[in-house]
Amino acid sequence: MKKAAAKNDAFDSEAYRTLFEGRISDPHALLGMHTEKDGIVVRVYDPVAQEVFLLADGKKFPMEKVADAGLFVKIFPGKKKHFDYAVEKHFADGGTFTSEDPYHFLPGVGEMDMYLFNSGEHHRIYEVMGAHPHHMGEVEGVLFAVWAPNAERVSVIGDFNCWDGRRDMMRLMGSSGIWELFIPSLKPGDLYKYEIRTKNGDILVKLDPYAQRTELRPNNAGRVPAATPFAWSDGDWMEQRAKRNILNSPVNIYEVHLASWRGPGLRKLDPKKKDDFHNYRELAHALADYILEMGYTHIELLPVCEHPLDQSWGYQVTGFYAPTARYGSPEDFAYFVDYMHAKGIGVILDWVPAHFPKDSFGLGRFDGTALYEHADPRQGEHRDWGTYIFNFGRNEVKNFLIGSALYWFDKFHVDGLRVDAVASMLYLNYSRNEGEWIPNKYGGNENLEAIAFLRRLNELAHELFPGIMMVAEESTAWPGVSRPAYLGGLGFTFKWNMGWMHDTLEYFALDPIYRSYNHGKITFSMLYAFTENFILPLSHDEVVHGKKSLLDKMPGDYQQKFANLRALFSYMTTHPGKKLLFMGGEFGQWIEWNSNAGLDWMLLDYPQHAAMKRLSADLNRFYRENPALWEVDFTDGGFQWLDGGDFRQSILSYIRWNRKHTEAVVVILNLTPVVRDDYVTGVPFAGEWVEVFNSDAVEYGGTGLTNPGVMKTEEGLYHGQEQHIRLRLPWLGAVFLKKNKK
């Protein structure tokens, strides 16, 4: 029998040498059950097993070891029809392992899936690639699929095979570059990676690019995700979201870094336990309570995609499909979003398709070649950041990234993605000197492949998930960022207004004595305010790396700093555009943000900080309750200057209109520490006017220079209006006026 087996298998052929040397790309062609001229032959390869038995029809058949490398064979003479069987392996330490044979199953990845993926248009690629609990007939297990077209061999490794890449080698699916393998008996939570043998014989161990769950850093294996989907309860929210026009809705975003928020109501962390992270579920309850108290409409999370380094704040991503394990499981994160929706709060995620880190277990040189990135460092590396740049011209890479974006919308119901570092994607010479970049085919510096990618990304996101928002962090004058792709734009819903942010912070940082000479900084934004759908961001980037906190940026003494910050928030609330504020700013965090420590919530024990929090909450509520502040943000019909040129007094005054021009909020900002006791302003309607907000109110920590009672209009042209009123303007303060409805 041994001679027959040896002759039949020809195990000394080149095909078997590729198996024994770990170079094989189609192990199913040799292993598993095959019908041959002598009958049914079953081959099992395990270089560690001492004995192997085949279990079928209630019987146990010993398999013959025909090669010292670990090849076992059992022949059933005369049989022609395949049958179900299992394999029982015995090891030198006395252990045994029994399972169905991975090489006894047909491919789990279909031809259409491969075609769509290779063409870059598989819109649910996350249901094909990666690890998925799966049934092959009545057999339960996990189906693995990974793209590594230039690999010589790919294996799934994990605890289940002692991390031995010789034992579960995958099958290459034709010219698709996709390797797949169904492994019976594996279950959700099992750890796994891919072992890749390159064409030059190097062995790489990689995290699954499509892993939907990972283990807690510093470890970096994937985990098999849950077999059953999360039970969502946000049907009403999702239905209403699809109907809502977000452009004409209030959007006031609270930006949060989950690890360092640590707000009231959360347990105290042990500083000795660096991994004592809050869970997504407890964060959901504490954050939702706080956001409702403060009146924000949305929460934006710094990246929650898996990342190895805490200090990167999540912007160096290794798991584009996996919520970071720092705060729990994917189901815990789904609960976070579901709970926010139950409380009427939208969820936006920071998402980073511009670049990825060079960690050896990640995407870089994934199959031994520049697969996800460009090979030429003039195209493929961000030297400033020490990262690789995605190759946006490769269909499979585009599908990987677009699939990631669609995955967060589909599987986690998020309401928006803020796309990081868009400017670095658009320009081939971004942060590069002459000779360090390659022009496009027309000789220009525009990254044509990235432009096409962004347009397709935004088209699909808005088509498949109506009502969501795609937000660009884009800092240049690139035209049409938030215009539809069919009109030649990039297709984003919103663009961060970085120009407004820089000019505004520079202006408010000035000693008021110099503001009259820099009046243009505070008015310039209105020259381009309606060229894009803008969000006004006071983000995390403005309160780190020595830039100081918002409060500490303000000039003057202790009282003046708070007065200036109150005026800044009042100006931001009433300026055209949606709003975003980073955590801590709302109560006057004194020191700049430290991602390794919590916010200084103890400051709320001090009256000025508690008053600042009260002002922020009242501004947020005023914003939501007055459609004039959000209904017409992106055309000039919602804004009208009263006086934008009073540079000598550093006073700004303007009107915010609702869509029908039936409601108006008059805003007056006095940005010097001089009280204007008899200030005259035009107003759009005759009758009685009342002060509905004053940043100098005592309850906000101010001096109480308010305008109680009713102000009646006087006839006479002023600021282009046919009537005017007289009032007192507080120092370094803001006043909002509305026509009295009583």
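Numbers for residues simply follow the sequence, beginning at 1.
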*Trace of the side chain to side chain contact (heavy atoms under 4.5 Å, CB included) decision for Phe105 with Leu181*: CA-CA 9 Å; Phe105 298 96; Leu181 183 66; over 6 Å; no

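- Relative ring orientation between Trp385 and His355 is described as tilted, the plane-to-plane angle lying within the 30° to 60° band.
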*Verdict with supporting geometry, Lys193 and Asn220, side-chain hydrogen bond (donor to acceptor under 3.5 Å, both in side chains)*: CA-CA 9 Å; Lys193 291 185 181 182; Asn220 49 55; 2.5 Å; yes

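- Ring geometry for Phe390 against Tyr372 counts as perpendicular: the plane angle is over 60°, on a 0 to 90° scale with 30° as the lower cut.
- Using a 4.0 Å cut-off between charged side-chain N and carboxylate O, Lys398 and Glu449 make no salt bridge.
- Judged by distance alone, with hydrogens and angles left aside, the side-chain atoms of Thr324 form no donor-acceptor pair with the main-chain N or O of Val304 at under 3.5 Å.
- Counting heavy-atom neighbours within 6.0 Å of Glu436 CD, excluding the residue itself, gives a total above 12.
- The aromatic rings of Tyr126 and Tyr321 sit tilted relative to each other, their planes meeting at an angle between 30° and 60°.
- Side-chain contact check for Phe117 versus Ser176: every heavy-atom pair is 4.5 Å or farther apart.
- Residue Leu258 forms a side chain to side chain contact (heavy atoms under 4.5 Å, CB included) with just one option from Leu302, Ile299, Leu301, and that option is Leu301.
- For the pair Glu306 and Arg213, the salt-bridge criterion is not met [side-chain N within less than 4.0 Å of a carboxylate O].
- How far CG of Asn533 is from OG1 of Thr493: 8.0 Å, rounded to the nearest 0.5 Å.
- Taking CZ of Arg223 as the reference point, atom OG1 of Thr214 lies at 8.5 Å (rounded to 0.5 Å).
- Checked by atom type and distance alone, the side chain of Asp338 never pairs as donor or acceptor with a backbone atom of His413 at under 3.5 Å.
- Taken from NZ in Lys206 to CZ in Phe361, the straight-line distance is 9.0 Å, to the nearest 0.5 Å.
- Using cut-offs of 30° and 60° for the angle between ring planes, the Trp313 and His545 rings count as parallel.
- None of Ile535, Leu581, Ile253, Asp415 except one satisfies the side chain to side chain contact (heavy atoms under 4.5 Å, CB included) rule with Glu300; the exception is Ile253.
- Of the inter-residue distances, the one linking Ile402 atom CD1 with Arg456 atom CZ reads 7.0 Å to the nearest 0.5 angstrom.
- Nearest heavy atom pair, residue Asp367 against residue Asn150, reads OD2-N, 2.8 Å.
- Counted by atom type alone, Asp332 and Tyr327 present zero donor-acceptor pairs between their side chains at under 3.5 Å.
- Between Glu195 and Arg166 there is no salt bridge, since no side-chain nitrogen of the basic residue lies less than 4.0 Å from a carboxylate oxygen of the acidic one.
- Side-chain contact between Val414 and Phe409: present, with at least one pair of heavy atoms (C-beta onward) separated by less than 4.5 Å.
- Judged by distance alone, with hydrogens and angles left aside, the side-chain atoms of Asp289 form no donor-acceptor pair with the main-chain N or O of Ala286 at under 3.5 Å.
- Asp541 contributes atom CG, which lies 6.5 Å from atom CH2 of Trp496 (distance to the nearest 0.5 angstrom).
- Using modelled atom types and a 3.5 Å distance limit, the side chains of Glu473 and Ser475 yield no donor-acceptor pair.
- When atom types are taken as modelled, the side chain of Glu282 and the backbone of Asn279 share a donor-acceptor pair closer than 3.5 angstrom.
- Ring geometry, Trp408 versus Phe333: the interplanar angle exceeds 60°, so the pair is classed perpendicular (tilted spans 30 to 60°).
- Considering only heavy atoms from C-beta on, Trp179 comes within 4.5 Å of Ser25 through its side chain.
- Side-chain contact between Thr318 and Leu363 is absent, with no heavy atoms from C-beta onward closer than 4.5 Å.
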*Might you work through the ring-ring contact (aromatic ring centres under 6.0 Å, His included) test for His278 and Trp261, ending with a clear yes or no?*
CA-CA 10 Å; His278 302 302; Trp261 181 70; 8.3 Å; no

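- Residue Ser155 comes nearest to Met169 through the heavy atom pair OG-CG, 3.2 Å, listed as atom of the first residue, atom of the second, then distance.
- Distance alone, capped at 3.5 Å, places no donor-acceptor pair between the Asp310 side chain and the Asn596 backbone.
- The nearest pair of heavy atoms linking Asp113 to Val109 is CB-CG1, 4.2 Å.
- Inter-residue side-chain proximity for Met470 and Val419 is flagged as met; some heavy-atom pair is nearer than 4.5 Å.
- Residues His462 and Ile468 form a side-chain contact, since some pair of their non-hydrogen atoms from C-beta on lies under 4.5 Å apart.
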*So His285 and Tyr339, ring-ring contact (aromatic ring centres under 6.0 Å, His included) or not? Walk me through it.*
CA-CA 8 Å; His285 286 258; Tyr339 189 82; 4.0 Å; yes

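- Listed for the Glu474 side chain is a donor-acceptor partner under 3.5 Å among the backbone atoms of Thr476.
- A salt bridge links Glu180 with Arg171: the closest approach of a Lys/Arg side-chain nitrogen to an acidic carboxylate oxygen falls below 4.0 angstrom.
- The shortest non-hydrogen separation linking Val352 to Gly314 is CG2-O, 4.4 Å.
- In this structure, the side chains of Tyr427 and Arg432 stay at 4.5 Å or more apart for every pair of heavy atoms.
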*Please lay out, stage by stage, how Phe160 and Asp168 fare under the test side chain to side chain contact (heavy atoms under 4.5 Å, CB included).*
CA-CA 10 Å; Phe160 50 88; Asp168 285 296; 3.8 Å; yes

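- When the options Phe356, Phe453, Phe320, Phe366 are evaluated for a ring-ring contact (aromatic ring centres under 6.0 Å, His included) with Phe400, the one that passes is Phe320.
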*Go through the steps to decide whether Gln379 and Asn391 satisfy the test side-chain hydrogen bond (donor to acceptor under 3.5 Å, both in side chains), and finish with yes or no.*
CA-CA 8 Å; Gln379 296 173 293; Asn391 183 348; over 6 Å; no

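- Looking at every heavy atom in both residues, Val256 comes nearest to Met583 through CA-SD, 4.0 Å.
- Between Glu127 and Lys411 there is a salt bridge, since a side-chain N of the basic residue sits under 4.0 Å from a carboxylate O of the acidic one.
- Formation of a donor-acceptor pair under 3.5 Å by the Arg153 side chain with backbone atoms of Gly22 is found in this model.
- Between Val251 and Ile246, the shortest heavy-atom contact is CG2-CD1, 3.8 Å.
- Annotation for Lys547: atom NZ counts as buried by contact number, over 12 foreign heavy atoms lying within 6.0 Å.
- Taking the six-membered ring for Trp, His540 and Tyr315 have ring centres closer than 6.0 Å.
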_The test is side chain to side chain contact (heavy atoms under 4.5 Å, CB included); show your working for Tyr194 and Phe144 and say whether it passes._
CA-CA 10 Å; Tyr194 295 120; Phe144 296 89; 3.9 Å; yes

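- Separating the CZ atom in Phe412 from the CZ atom in Phe336 is a distance of 12.5 Å, to the nearest 0.5 Å.
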*In sequence, state the C-alpha distance, the side-chain angles, and the governing distance for Asp350 and Asp420, and then conclude on side chain to side chain contact (heavy atoms under 4.5 Å, CB included).*
CA-CA 7 Å; Asp350 276 14; Asp420 182 65; 5.6 Å; no

